Amino acid sequence: MTNRGWTQGLLAVALCVGLAACGQKSPEELLAAAKQAVAKDDLKAAQIHLKNALTQEPGNGEIRFMLGETLLNSGDPVGALLEFAKANEAQFDPNRVAPAEARAMLQTRKPREVLQQFATRQLSDPKAQAELQVVMAQAYNATNKPVEARAAVDEALRLVPKHPGATLVLARMAGAERRVDDALALVESVIQSAPTSGEAWRLKGDLLTLGKGDGKAGRAAFEKAVEVAPRDLAATQALIGHLVAVKDNDEAKKRIEAARKQFGDNTTVRYYAAYLAMGDGKLDEAKSHVEQLLKVTRDDPRVLFLAGQIAFQRGEDLVAESHLSKILNLPGDTGRVRLLLAATQLRMADPTKALRTLEPLLDDPGMRVSQVFAVAGDAHSQLGQTDKAQAMYARAAELDPNDARSRTMVALGRVAGGNEAQGLDQLRDLATQFESPVADVALIGSLIRKGDHAGALTALDALEKKTPGKADTTNMRAQVFLAQGATDKALAQWQESLKRDPKNMAAAVALARQDFATNRAADAVARFAAVAKADASDPVPQLAWLQARQLAGDKPEDLVKSAQQLVQQFPKVARVRTALVRVLQASGDTDRALSAAQEAVAALPNDGEVLELLGALQLARGDHGQAHKSMSDLVALRPRSPEALVRLAEVDIARKNYRQALGNARKALALKPDFLPALRHVMALELELGNPAAARKLVKEMQQEKSTQGLATVFEGDLEAKQGNWAAAAAAYQQGLAQKVQVPGLPSKAHRALLSAGKAAEAQAFAQKWIKDNPGDLLFVAYLADSALARSDWAEARSRYEFILKSSPNDVVVMNNLAWALLRTNQLKDAEALARKAVGLRPQAGAFLDTLSEILSAEGKHDEAIEKQRRAVELDGNNPARRVALAKRYIAANQKEKAKIELEAVAQLGPRYPDQTEVQALLKQL
């Protein structure tokens, strides 16, 4: 090409681009094409035209509005809202934007936001204002404001008489009031004037199905809605929903497939696809669908409930709990949600939380269904509250005679209540009567407890025929063999369970427990690793694997790394988050533990578990103000939780705000009169505030209640001990032990009271007898060991600590204390080995580094001793004792100037460090 030709060619291209003369349509032409596509109900083509137009004029308000409208009519209200916002920015006609924007907001289940934004809005066009009032009426109905809804409908009809949308709202309101014939008459009036109204036909289908109980006629109406409005996504969704409800799953699947081709992967269509996949047992497919839904509809209660159901069926209890808990913070009916959440919490062995979840349903006339009382019975049963459990099961069986499970539990109550023969006969009848294995399982358990192992094995053979190849059967057979003392046979059955179901946690736990008991920790870790590998999507086996590794003595840094990976994999599961915090705590890295807890709260702001853990960490660090805020937030989140109120009271105690602490503890008692921590705090606080009479009154009140009579005896001991009446305290504590009151540390209290009363021989005899009768009470042995250490009885301390380490070989506190005792008896080599092991397990623990440093110094290893002590000072910078110990290491290494620097820094603290006498004595040596 010549130079002139090249220039002319470039000019032609420029003109082509500037004048849209190369085949590219102008925005006006594209807008016109989009309108033609809409007229033909081809919304996809319309969207393509509009998006192309926006590449040329991104600020065109009409194009933005039309794109939003097509997205809304295609079932994408979220995308529509974005476009409407941009149309508003371009100051496009509010008469067109406002009604559509309000409708989109309503479809995203935000009725309150609709009311906030549009309640006082006035449009200049009466028709537009009428449309807006129709949406407002729907929003008022959604927020249970019928008076305001009727006023909005009346206003719409005043502006546009016989407005179809307003008439349909009136019909819905009549239907809600059970005036079904009136509602149908209103719908028919709309159909006569607008026979292609998909909304009218849909409402007719709802009224016929739900109001008249005529599913056949209802289905015909839904099908008519799709016929007259084939591009109306809501019509298609309504038909699919009806088909799912009447369990015509094959036709529903056909309609879903057709809807996908026509409308794409719309959220409602995908919702039903997930629901049907769950019903077919295709849980992986269902989970895949629901995960996609959660990305775009995180706060939709229906989607969260479905996600919870799928996770529950997959055995992913932590995930299910997370999804279901979120719904409780959203508006709407939560009956079914609470029932499933309580069942989930029971499966996680948290009956107290389950009862708290169920509490609103027990007094709700609309939820008088057998399942509610059955689950409540299970919760009371887990708590050992037999009478309450039986009352709940009886109520469930009364409400539903075909409830095999509740009838089974009633029979079990008779077995436990003294009518054993009658109860067993009932269980045998139920096992024959129902295909459900629940009665079989109960019968087997009862026979095992009775010691009828042969009968239990016979019943298990019958259960195997009902449920062939199930791991639960082999698990129970293992329990029978274990009860017979045939441990090898039991282990073989549990191994068979894992062959049948590699994800079976019950079998893995049983085998791992045996592994740990026989010092084969690596085998236990391998078992949990295999279960975790079999179901990598479930955090429960992953957490069990992590805990097993921790018990086996894995390196702290490796455990932390694994916990961090779990958080990345399950960022919204509270127990995964708390596991990371606890692993960091165990490693001694309290700073990172606090940071992890703060991140957990940021990720799960409405989860009480992580909030409580953060508050506990802040309290332990002395950050009382922050701890008070966290626990106050916990109380706001769980206003009916006695545990939360007690946690707040504990912070108040740390702040020495005793009256406020007492008020919160008493609030906890008002919610749960027999709540032990609250009772203990109330009594201690009354004494602290100088009210012994109030404390004694509390004890007397406890003695009059059957559920707290035993505790009252222990509290009486606490009261006498607080007042220095040691003989009376010892007598009360021993009485509590005789009554088998389960209070942690009660034997230690009795022993301490005897010593304080001057009854040393009696205390020694008590200790010997208690250990003989309760060889597994390591808590009491630890108390005796610590007491021996405190009085410098190194031989007894060593003996006691060594005894504990045989059962708990990785107890780092015991290791450290035993190392200290060995140091004091000059057994430096053994002391160093133990101290190094403790530091290896808890490298961030300043106290353990302090012990190791002193041992190394005693051995003359001064450089390493100084290095370890410096690290202890870094970790416990607020502890002056660590600096004094560092000064001693410098003195032992003849580094007097460095020792002087450390001691003078501590001396400047004055009375804030109580042992200044030692500091001055050491300075004089220099």
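No experiment lies behind these values; they were computed from the predicted model shown. As a basis for the values below, the full set of heavy atoms in this structure was taken, side chains included, without hydrogen atoms, waters or symmetry mates.
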[X] bridged to [Y] by N-O distance under 4.0 Å:
X      : Y      : value
Lys253 : Glu257 : no
Lys51  : Glu83  : no
Glu188 : Lys204 : yes
Glu62  : Lys35  : yes
Asp284 : Arg314 : yes

Side chains of [X] and [Y], heavy atoms from C-beta outward: is any pair under 4.5 Å?
X      : Y      : value
Leu186 : Val190 : no
Gln309 : Leu340 : yes
Leu71  : Val78  : no
Thr196 : Trp201 : no
Glu28  : Glu57  : yes
Glu69  : Asn73  : yes
Leu358 : Val375 : yes
Asp206 : Phe222 : yes

- Message: For Asp607 and Ser325, which I'm curious about, is there any donor-acceptor pair between the side chains at under 3.5 Å?
- Response: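 Not at all, the side chains of Asp607 and Ser325 share no donor-acceptor pair under 3.5 Å.
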- Compute whether any side-chain donor of one residue and acceptor of the other, for His289 and Arg270, lie under 3.5 angstrom apart.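 Their side chains do contain a donor-acceptor pair, which is all the 3.5 Å distance test asks for.
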If I compare all heavy atoms of [X] with all of [Y], which pair ends up nearest, and what's the gap?
X      : Y      : result
Pro539 : Val573 : CG-CG1, 4.3 Å
Arg121 : Pro94  : NH2-CB, 3.9 Å
Glu29  : Ser26  : OE1-N, 2.8 Å
Ala46  : Thr70  : CB-CG2, 4.1 Å
Ala235 : Val226 : O-CG2, 3.6 Å
Lys572 : Ser322 : O-OG, 2.9 Å

Point-to-point distance, once rounded to the nearest 0.5 Å, from [atom1] of [X] to [atom2] of [Y]:
X      : Y      : atom1 : atom2 : value
Tyr272 : Ile240 : OH    : CD1   : 8.0 Å
Leu294 : Leu306 : CG    : CG    : 8.5 Å
Leu328 : Leu341 : CG    : CG    : 6.0 Å
Ile191 : Glu199 : CD1   : CD    : 11.0 Å
Leu54  : Met66  : CG    : CE    : 11.0 Å
Ile63  : Leu50  : CD1   : CG    : 7.0 Å

- Item | From CA spacing to verdict: side chain to side chain contact (heavy atoms under 4.5 Å, CB included), Arg64, Phe84 | CA-CA 7 Å; Arg64 289 289 182 188; Phe84 292 145; over 6 Å; no
- Can you establish whether the number of heavy atoms outside Lys466 located under 6.0 Å from its atom NZ is more than 12?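 Yes, because the 6.0 Å sphere around NZ of Lys466 holds more than 12 heavy atoms from other groups.
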- Item | Residues, nucleotides or ligands: over 12 heavy atoms within 6.0 Å of Tyr275 OH |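 Atom OH in Tyr275 is not packed in, count stays at 12 or less.
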- side chain to side chain donor-acceptor pair (under 3.5 Å) between Ser124 and Asn95, worked out: CA-CA 7 Å; Ser124 59; Asn95 288 305; 2.8 Å; yes
Donor-acceptor contacts under 3.5 Å from residues 158-171 side chains, at least two apart:
{"residue": "Arg158", "atom": "NE", "partner": "Glu155", "partner atom": "OE1", "Å": "3.1"}
{"residue": "Arg158", "atom": "NH2", "partner": "Glu155", "partner atom": "OE2", "Å": "2.8"}
{"residue": "His163", "atom": "ND1", "partner": "Gly165", "partner atom": "N", "Å": "3.0"}
{"residue": "His163", "atom": "ND1", "partner": "Ala166", "partner atom": "N", "Å": "3.2"}
{"residue": "His163", "atom": "NE2", "partner": "Glu131", "partner atom": "OE2", "Å": "3.0"}
{"residue": "Thr167", "atom": "OG1", "partner": "His163", "partner atom": "O", "Å": "2.8"}

side-chain hydrogen bond (donor to acceptor under 3.5 Å, both in side chains) with [X]: which residues, sequence neighbours excluded?
X      : answer
Arg150 : Asp154
Arg356 : Glu643
Asp501 : none

- Message: side chain to side chain contact (heavy atoms under 4.5 Å, CB included), that's the test. Do Arg219 and Asp248 meet it? Break it down for me.
- Response: CA-CA 11 Å; Arg219 177 169 179 165; Asp248 190 348; 3.0 Å; yes
Contacts under 3.5 angstrom, residues 136-146 side chains, donor-acceptor by atom type, not counting sequence neighbours:
{"residue": "Thr143", "atom": "OG1", "partner": "Ala139", "partner atom": "O", "Å": "3.0"}
{"residue": "Thr143", "atom": "OG1", "partner": "Tyr140", "partner atom": "O", "Å": "3.1"}

- Task: Determine yes or no for a side-chain-to-main-chain donor-acceptor pair under 3.5 angstrom, with Glu101 supplying the side chain and Asn88 the backbone.
- Result: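 No, the answer is negative, given that no donor and acceptor are paired below the 3.5 Å cut-off.
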- Okay, side chain of Asp280, backbone of Lys282: is any donor-acceptor separation there less than 3.5 Å?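 Such a contact is absent between Asp280 side chain and Lys282 backbone.
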- Query: Do Val153 and Gln133 pass the side chain to side chain contact (heavy atoms under 4.5 Å, CB included) test, and can you show the C-alpha distance, the side-chain angles, and the key distance before you say yes or no?
  - Reply: CA-CA 6 Å; Val153 170; Gln133 287 302 308; over 6 Å; no
- Task: Pick out which of Gln345, Glu321, Arg338 makes a side-chain hydrogen bond (donor to acceptor under 3.5 Å, both in side chains) with Thr357.
- Result: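 When side-chain hydrogen bond (donor to acceptor under 3.5 Å, both in side chains) is applied between Thr357 and each of Gln345, Glu321, Arg338, only Gln345 qualifies.
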- For the salt bridge (Lys or Arg N to Asp or Glu O under 4.0 Å) test, which of Arg347, Lys503, Lys287 pairs with Glu316?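 The salt bridge (Lys or Arg N to Asp or Glu O under 4.0 Å) with Glu316 is passed solely by Lys287 among Arg347, Lys503, Lys287.
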- Report the C-alpha separation of Arg255 and Thr236 in whole Å, then their side-chain angles, then the decisive distance to 0.1 Å, and conclude whether the side chain to side chain contact (heavy atoms under 4.5 Å, CB included) test is met. CA-CA 8 Å; Arg255 295 283 183 172; Thr236 297; 5.5 Å; no
- Message: Test of understanding: with salt bridge (charged side-chain N to carboxylate O under 4.0 Å, His left out), list the residues that count as partners of Lys212, not counting sequence neighbours.
- Response: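 Testing Lys212 for salt bridge (charged side-chain N to carboxylate O under 4.0 Å, His left out), a comparison that skips the adjacent residues, returns Asp181.
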